[in-house]
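Just so it is clear, the model here is predicted, and its values are computed rather than measured. Reminder, nothing fancy here: chain letters follow the sequence lines and each chain counts from 1.
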Amino acid sequence: MLRIAQLSAGYSGVPVLHDVSIEVEEGRFVAIVGPNGAGKTTLFKTISGTVAPMAGAITFGGVDLLAVPAHRRPHLGIAHVPEGRQVFPSLTVMENLEMGAYTEAGRIAWAETLERILEWFPVLGERRGQPAGTLSGGEQQMVAIGRGLASAPKLLMLDEPSMGLAPAIADFIFERLIEIRRQSRLTILLVEQRVAEALESADHSYVLEAGRVVLEGDNQELRADDRVRQAYLGM
Amino acid sequence: MAVVTGLIMLENILQSLAAGLLIGAIYGLMCVGLALIFGVMRVINFAQGDFMMLGMYAAYYAFALFGVQALFGSTIGPYVAALLAAPLLFAVGYGVHWALVSRVTGTRTAGLDGDGHYAQLILTLGTALILQNGAMIVFGSYPVSVQTPLSVSAWEVGPLWDDYVSVFVNKARGIAALVSVATILLLARLIASSRLGKALRASADNPEAATYMGIDVQRSHRVAFALGTAITAVAGALLATNYPFHPYVGLEYVIVMYAGVVMGGMGSILGAFWGGMTIGVVQQMSTLILPTQLQNTAIFVIFLLIVFLRPQGFFGRVVERT
Ligand SMILES: Nc1ncnc2c1ncn2[C@@H]1O[C@H](COP(=O)(O)OP(=O)(O)O)[C@@H](O)[C@H]1O
Ligand SMILES: [Mg+2]
């Protein structure tokens, strides 16, 4: 579904990603882990089009994504839940979700998706009329994820959804993601710092270090790797 | 005798207040146009006063030359002409954004000196100068106004308090104020509940996240710029029924607009309206104690006081953008 081949990208002519190749099959849950500054967010932004690539190719469902302007990519079925939540602070919770449904697919499925979003995150229903900027970090993350789901995407990309949250809230968010995935069979691409949980829930994972894919495999394969055990799992 | 003097003073105060509210409604509309542009794009448009001037001439020519007067008469005609200025200046704003402003704003400015603010400053100031000088060549320097019989007739409120106190409301200004308020209510509704309005607000709140929703932020900016231009132009055209104008009229009102928008909390639409309203009232009330020539000084003093004492404005948004 999503195929990234030999991608290089960066800022002001300085590459951050080098020769990255990643593949996400339809219906799969793929995780990307790696230390801070490895280029995970840059990779997501290149997929979404807010960072321009220097070399390589990205296709989505056979379409050459790099030929599509950034604001058209969500309409192809890509939802990007960005790092640090980035809700619309002055818009209400409901308006944030409506903005998620800005895509045609989202508009058509709106009534149904809204119901499911509120089932998964009931607190959003209670806060529906409140400006999103007044919510707690955890609630804002729920808005961000709900907003992504509201576009009725084919691929949901989540950039560190547990970042900056209290452990209990982060656990809850993670548990919800697994539940959403179980119920919807959505294709998910996840960047996470909670490596153990990410590897465990994902069908396939990539380890990104200093802008390069240094390792890939399923949970068992990665757990068997000494470097992963030492660097990410503290074993 | 003292009672009569008191009542005359009261009458003067009420008369100034009424005049202030009427002119304030139009200043409010003017400010709303500027606030819309600033709120969505974070661009300070120094040509806003000159777009207003274009709106005045658009209404003037639509009224006098292009048949609006013949079709609607001199009573309703000026207001029809004022509303006609909206689509015309919308197109002008759209074109100016497409050709010029978009090159120094939005995602293109990332990494530029001062985030592109210097380029924006120079570009909008340059646009202002070109519009002023161009208008001088095309329209000439002779002041004109949109003639309506309503501007020399008034409604009388009162008499109040034993026949001593009456307030006169100029009909032309009264109707202009009503049209102005109606325009703002319409715009507020558009911004609050239409899909376009929500997309504009989302683009203002967080352009990057808006892009991830599938919103074309560049287009949001273009629409906001055009809409803001059109709104201010309508305000100008409404003003044109009462005040003679000339190609440099924009300079006189740019201070009003900035003071109003800053007072309203930079970018808040309804705040800008109340800011403009406050300025109208202050300006008219100041004539009770100050010579007319000092009207604009009074506005400027208020402006400075606000900047020093309450830089976030009086009617600022509750939630700031990230
Ligand atoms: N807007 C930017 N401009 C310049 N360099 C950036 C920018 N954003 C990130 N970087 C740099 O790119 C590298 C990768 O960052 P990022 O993609 O955010 O990593 P990660 O998400 O894995 O922590 C870092 O060295 C960071 O300093
Ligand atoms: Mg990151």
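Heavy-atom contacts from other residues, nucleotides or ligands closer than 6.0 Å to CZ of A:Arg176 number more than 12. Heavy atoms from other residues, nucleotides or ligands lying under 6.0 Å from CD of A:Gln130 number more than 12. Within 6.0 Å of the CD atom in A:Glu104, the count of heavy atoms belonging to other residues, nucleotides or ligands does not exceed 12. Other residues, nucleotides and ligands contribute at most 12 non-hydrogen atoms within 6.0 Å of the CZ atom of A:Arg3. Remark: A:Tyr11 OH is packed, more than 12 non-hydrogen atoms of other residues, nucleotides or ligands lying under 6.0 Å away.
Counting heavy-atom pairs under 4.5 Å between each of A:Lys45, A:Arg73, A:Met99 and chain B puts A:Met99 at the top.
Closest of all the heavy-atom pairs between A:Pro74 and B:Thr211 is CG-O, 3.5 Å. Of all the heavy atoms in A:Thr50 and B:Glu208, the pair that sits closest is CG2-CG, 4.2 Å. Across all their heavy atoms, B:Arg201 and A:Leu91 have their closest contact at CB-CD1, 3.6 Å.
In this structure, CG in B:Asp205 is found 9.5 Å from CD in A:Glu95, a value given to the nearest 0.5 Å.
Looking at B:Tyr212 and A:Pro82, their side chains come closer than 4.5 Å, going by heavy atoms from C-beta outward. The closest side-chain heavy-atom distance from A:His71 to B:Val217 is not below 4.5 Å. The closest side-chain heavy-atom distance from A:Phe88 to B:Met213 is below 4.5 Å.
Here A:Glu98 does not pair with B:Arg195 in a salt bridge; the nearest charged N to carboxylate O distance is not below 4.0 Å.
Residues in residues 149-164 of chain A take part in these side chain to side chain donor-acceptor pair (under 3.5 Å) pairs, two or more places apart or across chains: A:Thr41-A:Asp159, A:Glu160-A:Gln193, A:Ser162-A:Glu192. Residues in residues 108-135 of chain A take part in these salt bridge (charged side-chain N to carboxylate O under 4.0 Å, His left out) pairs, two or more places apart or across chains: A:Arg127-A:Glu139.
Neither the backbone nor the side chain of A:Arg85 has a heavy atom closer than 4.5 Å to any heavy atom of chain B. Using a 4.5 Å cut-off between heavy atoms, A:His80 contacts chain B through both its backbone and its side chain.
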